[in-house]
Amino acid sequence: MTALIALATAIGLALTLLTTAAPPATAAADLLSQGRPATSSSTENSSTPASAAVDGNTRTRWSSTFSDPQWLGVDLGSTFTISRVVLRWEAAYARAFQIQTSDDGTAWTTVYSTTTSTGGLQTLDVNGNGRYVRVHGTQRGTAYGYSLWEFQVYGSGGGTPGNGIPNPTTDSLEAADGPLTTASYTVPSPNGYGSGTVTYPTAGGAYPGVVLMPGYQGTQQNLEWLAPRLASWGFVVINVGTNTLTDDPASRGRQISAAGTQLLGLGNAPGNPLSGKLNGTLGAVGHSMGGGGVMAALRDDPRFRAGVPTAPYYPNVNFSSVTEPTFFLTCQSDPVAHGNSYAVPWYNSMSQSEKLYIEVPGDHLCPMTGYGDKAKQGKWMVSFLSLWLRADTRFSPFLCGPVRDGDKNDASLVTRWMDTCPF
């Protein structure tokens with residue numbers, strides 16, 4: 001394979017409109033619960049604590065003793081408007097339960113109730129306010145207790161970053177810079193990868209983290225166009241240089257995970273500009289072998305909740321187990337990693353994930369700095385990651401529906417489009 005498989009990161013293509021503004025949309029919703037203090041009525045044993053349900057890891061879980069009723073709650077730190085709750089049940093689920101909010105942790109208001117739950121992954125639209133949120137189970141669905149891989153609470157208010165991001169428009173998303181002022185920070189001692197430059201919003205609040213990974217023979221320069229765009233829309237972005245220029249996709253996947261670990265660590269550590277800036281949610285964007293690395297991270301590291309592989313390359317690998325939202329950007333005249341060789345078979349095999357596939361004119365380098373339509377790519381990438389890492393549904397019209405159709409139907413801009421809309 002030639003050194004042509006060079007670098008980059010980017011995404012998006014094909015979704016927007018001829019008008020400047022999207023239709024009025026739902027207010028931003030931020031993931032509020034991850035990493036916050038959690039308590040429960042009981043725990044089955046020391047390996048299933050309440051904190052495991054809010055740690056962002058779908059391989060750890062809370063479970064209760066084998067009796068009714070039981071509850072799991074989280075302290076959000078201040079009062080928020082709660083708009084969505086996501087429950088990822090283990091096999092031991094609740095048949096009957098309520099979602100409840102409270103200002104003081106004592107008096108509770110029910111904002112959702114069911115007696116016919118079948119478990120699994122449940123996304124519940126709710127309308128309430130409170131500092132404390134809990135799931136209160138009153139009837140078990142099995143002979144065991146209640147068990148959750150993840151308990152996620154989304155909302156707005158309380159000074160969260162969603163309130164600092166104005167309603168997106170076509171013009172604002174296609175501009176080189178978004179609404180937030182940014183700054184950069186060089187990681188002093190990269191651990192598990194070669195180098196890292198972090199671009200982050202200077203405004204207060206905690207944001208999702210995004211790892212950028214170049215491809216074969218690539219450097220940070222290949223994706224430097226993307227970092228400030230994402231950061232100015234409410235992400236903390238680490239642009240990574242690899243251990244060696246020839247690292248294979250598997251290695252790049254491990255380096256994405258290592259960079260994510262260090263980024264979260266910097267957010268939790270005092271004395272650096274990133275302290276308090278990370279909310280615990282991670283995404284990744286990568287080009288070529290870096291795109292293959294993104295797929296590996298989505299498959300192997302449950303902390304990564306959305307990914308954008310661009311012109312991805314990773315021979316002889318099955319990614320059908322990937323369940324997180326994935327946005328494939330490919331290049332019509334790519335001689336190295338044509339969509340038909342890698343991205344399309346992966347897309348077709350991923351039956352449990354939300355997906356977007358866009359093919360645009362250009363060769364293998366079309367998503368890199370200096371190539372392709374960066375106004376369009378930036379718009380779509382910001383929209384995709386805002387929707388899936390921040391649950392900000394104001395960005396949905398730029399991905400699904402009539403707002404994006406002007407781009408989707410422009411044959412000079414988009415040569416192939418597939419999706420699982422409505423998301």
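Worth saying up front: this structure is predicted, and the values here are computed from it rather than measured. Below, all heavy atoms of this structure are taken into account, side chains as well, without hydrogens, waters or symmetry copies.
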[X] and [Y] ion-paired at < 4.0 Å:
| X | Y | result |
| --- | --- | --- |
| Asp419 | Arg404 | yes |
| Arg254 | Asp300 | no |
| Arg416 | Glu359 | yes |
| Arg252 | Asp247 | no |
| Arg131 | Asp75 | yes |
| Asp125 | Arg84 | yes |

Anything under 30° is parallel, anything over 60° is perpendicular, the rest tilted; go ahead and classify Phe328 against Trp346.
tilted

What class does the angle between the rings of Phe97 and Tyr112 fall in, given that below 30° is parallel, 30 to 60° is tilted and above 60° is perpendicular?
tilted

[atom1] ([X]) with more than 12 external heavy atoms under 6.0 Å:
| X | atom1 | value |
| --- | --- | --- |
| Asn191 | CG | no |
| Asn127 | CG | no |
| Tyr185 | OH | yes |

Distance alone, cut at 3.5 Å: any donor-acceptor contact between the side chains of Thr110 and Gln100?
yes

Side chains of Gln70 and Ser64, donor plus acceptor under 3.5 Å
no

Applying the side chain to side chain donor-acceptor pair (under 3.5 Å) test to Lys379, which of Thr169, Thr170, Asp407 qualifies?
Asp407

Examine distances only and state if a side-chain atom of Thr281 and a backbone atom of Pro208 form a donor-acceptor pair shorter than 3.5 Å.
no

Strictly distance-based, threshold 3.5 Å: is any side-chain N or O of Thr48 a donor or acceptor partner for the main-chain N or O of Thr43?
no

Determine the sole option in Arg303, Arg299, Arg305 for which the salt bridge (charged side-chain N to carboxylate O under 4.0 Å, His left out) test with Asp301 is passed.
Arg303

Would His364 and His338 satisfy ring pair (Phe, Tyr, Trp, His ring centres under 6.0 Å), going step by step from the backbone distance to the final call?
CA-CA 8 Å; His364 187 63; His338 195 276; over 10 Å; no

Tell me, with the steps shown, if Met418 and Lys355 meet side-chain contact (heavy atoms from CB on, under 4.5 Å).
CA-CA 8 Å; Met418 299 184 289; Lys355 299 168 291 187; over 6 Å; no

